[in-house]
Amino acid sequence: MKKYSAILLIAAITVFCFTGCTKNAKTAEVKETVTEETIFSAGEKMTEAELLEKAKGESGDFIVYGNTSRIASAVQGFVQKYGSQLGLSDSNAVGTKMNDADIYTTLLQEYMGSSAKGASLVMIQDGAQLQTYRSGTDILVNFVPASMKGVVAENDLVPLVHQYINKLFIWNNIGTSGQVISNVWQLTESQWKNKVFFKNPTTEQVNMNFLVMCTSDAWASKLADAYKEYFGKDISLGSYKNAGYKWVAEFIANCNFSISSDTTICKEMAKPDSKGCTGLFVLSKFRDVDAKIKGNLSVGAWQEKAIKPFAGFMYPMYVQLTSKANRPYTAMLFTDYLMNSEGFLPWGKDIGAYSTNPNVPVNEKDGDKPITFWKECLVAEDADFIRVNKTAVTDFVNEQIAKK
């Protein structure tokens with residue numbers, strides 16, 4: 001039987017994303033699950049109708065955790081479609097929003113306990129964190145519905161990516177004419193001091209991952225080229241390891257961390273008194289802005305001239321089942337539901353969310369673009385690179401923040 005440390009797991013998964021290390025952990029036994037693994041393997045060969053028949057034989061609560069506020073709506077839609085056949089209602093089928101750290105901590109407690117009311121499915125982000133969890137425990141199971149095999153791209157299958165989300169450079173356009181930002185090095189200049197709104201990366205893992213990716217050789221090279229294009233001279237690195245580190249340091253120096261919510265950043269950025277400010281935040285937050293002031297926002301990626309070398313960051317949202325799922329077939333059926341147009345509706349009805357199922361159309365209202373467009377102009381999360389380099393870059397970022 002495998003042995004894991006409760007303290008080590010929580011540290012590796014909830015603290016790892018901030019510090020990348022743990023020490024002096026005591027070991028605690030975690031139960032292994034074998035039977036459920038064969039159930040999930042069999043489920044991958046089943047059609048929607050077959051999964052439904054199996055799910056009809058299950059009972060009890062159906063609990064889902066998600067790092068997205070729309071998870072509650074998705075569960076409600078699932079109940080409306082299948083609830084009468086599965087004995088599910090709003091009282092025993094619940095989708096709860098949590099951040100990744102809370103999800104992992106709760107999953108560990110449920111896995112080690114005997115409660116039958118644990119989660120059957122989770123939606124989580126931060127691929128590096130997920131890799132650590134999947135390799136260190138048997139708590140999560142990857143499940144690919146039969147309907148998605150040969151449909152979803154191969155590199156989005158393990159772990160299964162439900163959608164991609166983008167964080168973009170977006171500015172207040174009041175009093176401006178033309179494109180305000182065409183090169184990210186502009187944001188390192190003195191006129192942008194405290195005018196670049198960005199959630200503090202020490203508390204927002206997606207933002208930290210973005211900064212980590214900027215230090216990769218590939219993006220550092222592109223940043224060096226963008227520097228020469230903007231300033232008209234080769235970059236001088238000084239003590240920095242590469243152009244990525246230099247840009248990250250100078251970008252952080254100008255960032256305003258006073259707002260801790262992308263939703264609030266978006267709303268505030270649209271107000272007239274935010275004239276001359278910009279932000280890097282989730283495009284989907286446009287849904288929360290009053291229509292009267294939404295026109296005050298300009299999305300950098302939609303301008304005539306592409307922002308060199310990137311217009312923001314793109315990251316995945318993953319779907320994973322739990323190996324001790326109270327309702328495993330219901331969880332598999334729900335996964336199949338999530339991966340299709342009907343189940344994607346809570347996200348797809350607005351801009352800023354992109355299904356990995358190419359048969360789910362992009363909502364092109366308000367000028368949104370398909371995922372192929374975003375892959376060409378955004379920094380994309382590379383879980384392997386982040387996992388290996390996160391500790392070093394996090395330490396560097398913390399040093400830069402301390403200088404502010």
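Keep in mind that what you see is a predicted model, and the values were worked out from it rather than measured.
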Can you check whether Phe197 and Trp171 have ring centres sitting under 6.0 Å from each other? no

Hey, what do you get for CD1 (Ile265) to OG (Ser258), rounding to the nearest 0.5 Å? 8.0 Å

Would you please indicate yes or no on a ring centroid separation below 6.0 angstrom for Phe251 and Phe198? yes

Suppose we call two aromatic rings close when their centres sit under 6.0 Å apart. Are Tyr230 and Trp185 close by that rule? no

Please find out if less than 6.0 Å separates the ring center of Phe62 from that of Phe334. yes

Under 3.5 Å, side-chain donor or acceptor atoms of residues 150-162 against the rest of the protein: list the pairs with distances, not counting sequence neighbours.
from: Asp156; atom 1: OD1; to: Tyr164; atom 2: OH; distance (Å): 2.6
from: His162; atom 1: NE2; to: Leu338; atom 2: O; distance (Å): 3.0

Return each pair, listed once, that meets ring pair (Phe, Tyr, Trp, His ring centres under 6.0 Å) where at least one residue sits in residues 385-404; pairs must be two or more places apart or across chains. Tyr245-Phe396

To the nearest 0.5 Å, tell me how far Leu107 CG sits from Lys324 NZ. 11.5 Å

Between NZ of Lys167 and CG of Leu283, what distance do you get to the nearest 0.5 Å? 12.0 Å

Thr394 OG1 to Leu211 CG distance, which is reported to the nearest 0.5 Å: 9.0 Å

Is it the case that more than 12 heavy atoms not belonging to Lys275 sit under 6.0 Å from its NZ atom? no

Test side chain to side chain donor-acceptor pair (under 3.5 Å), reference Gln205, set Gln129, Lys199, Lys390, Gln125, output is Lys390

